[in-house]
Amino acid sequence: MTEEVLKVEHLNKFYGDWQALHDISFSLEKGKVLALLGPSGSGKSTLLRTLNGLEGYKSGSIYFHDKKIIPTPKQWQNLRQKIGMVFQSYDLFPNLTVMENILLAPVKVQKRSEAEVRNEAIKLLEQVGLSNHINSYPRELSGGQKQRIAIVRALAMHPEVMLFDEVTASLDPEMVRGILEIIQDLSDNEHMTMVIVTHEMNFAAKIADEVLFLENGKILEATPGKEFFVHPQTKRAQEFLKSMDF
Ligand code: ADP
Ligand code: MG
């Protein structure tokens with residue numbers, strides 16, 4: 001039995017008069033990984049942000065577990081606890097320690113016990129090799145460490161879906177692998193449902209169950225991951241993969 005976690009139907013999004021997303025439709029089953037690929041400016045971030053309620057849309061529908069999302073601030077506030085997102089720029093609160101950053105939303109928004117979340121945070125920090133930085137401030141951490149904290153902070157909310165927007169793009173090359181391993185592990189061992197925007201094509205080829213290839217806010221290809229990287233259907237996707245040295 002498969003279970004759809006996210007479904008998007010005929011989504012159209014505008015910035016002012018200009019249409020950024022055109023008739024986007026796809027669905028994502030529980031435990032699967034969807035990679036959003038495409039050149040810069042093709043609408044990948046815009047699409048991810050609409051899936052998290054950070055951008056509105058003009059028409060179309062988004063469903064979470066077969067339930068159509070009514071795009072009000074209140075609904076999105078609830079849904080954002082289930083649909084976690086990590087950005088290229090870590091967005092940690094600079095005036096809070098690592099632990100305080102992680103505790104904030106689970107305790108304040110989800111009203112969970114601080115002791116329980118703290119224990120869980122310690123385990124998660126161990127898993128990402130940062131248990132000795134519990135009381136550090138973000139400024140004391142490297143980019144790679146901050147990004148690991150941002151991932152832990154999102155996971156501490158117990159999301160059902162994780163959205164990753166180029167989370168390794170601003171990291172030094174030697175930091176990239178560690179972050180990709182955490183994401184791979186989330187897929188392999190936690191069976192986390194994920195939507196990933198990345199420029200790491202080898203990683204995408206390994207992890208993606210499905211690929212959406214976007215250009216100019218339109219889906220040019222929707223293909224199983226295995227197929228996309230071996231036999232991209234469109235000339236545009238072939239060129240794109242070549243330009244990424246894949
Ligand atoms: P990608 O993530 O694929 O690089 P984006 O989703 O960031 O692409 O951007 C898609 C298009 O939408 C680009 O042309 C970009 O300039 C435009 N865009 C993104 N955000 C805004 C915004 N807040 N206002 C107006 N245009 C935007
Ligand atoms: Mg982007």
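Counting convention: from 1, in listed order, for ligands and their atoms alike.
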Salt bridge flag under 4.0 Å for residues K242 and E239 | no
Do we get K67 above Y63's six-membered ring, with its NZ or CZ under 6.0 Å from the centre and within 45° of the axis?
-> no
Interatomic distance, CG@L130 vs CG@L124, rounded to 0.5 Å, equals 11.0 Å
Does the pair E120/R112 count as a salt bridge with the N-to-O cut at 4.0 Å?
-> yes
Nearest protein heavy atom to atom 17 (C) of ligand 1, by residue and atom, and its distance?
-> W18 CZ3, 3.8 Å
Could you check atom 18 (N) of ligand 1 against the protein and tell me its nearest heavy-atom contact, residue, atom and distance included?
-> Y15 CE1, 3.3 Å
Atom 27 (C) of ligand 1 touched by protein (heavy atom, under 4.0 Å) = yes
With side-chain contact (heavy atoms from CB on, under 4.5 Å) as the test, would you mind laying out the steps for Q233 and T223 before giving the verdict?
-> CA-CA 9 Å; Q233 293 158 18; T223 323; 3.8 Å; yes
Please confirm whether the backbone N or O of V197 pairs with a side-chain atom of D165, one donor and one acceptor, at under 3.5 Å?
-> no
Check each atom of ligand 1 against the heavy atoms of S42 and keep those under 4.0 Å away; list them by number with element.
-> 1 (P), 3 (O), 8 (O)
Could you tell me whether K44 and ligand 1 have an N or O pair separated by under 3.5 Å?
-> yes
Would you say T46 and ligand 1 have an N/O pair spaced under 3.5 Å apart?
-> yes
Should one rank G38, G217, G41, A20 by closest heavy-atom distance to atom 1 (P) of ligand 1, which comes out on top?
-> G41
Any idea which of G43, P39, G16 brings a heavy atom closest to atom 8 (O) of ligand 1?
-> G43
State whether F14 and K58 meet the cation-pi test: NZ (Lys) or CZ (Arg) under 6.0 Å from the six-membered ring centroid, and within 45° of the perpendicular axis.
-> yes
Atom 7 (O) of ligand 1: the protein heavy-atom neighbour that sits closest, reported with distance to 0.1 Å = S45 CB, 3.7 Å
Answer yes or no for S40: is there an N/O/S atom below the 2.8 Å cut-off from the Mg ion (ligand 2)?
-> no
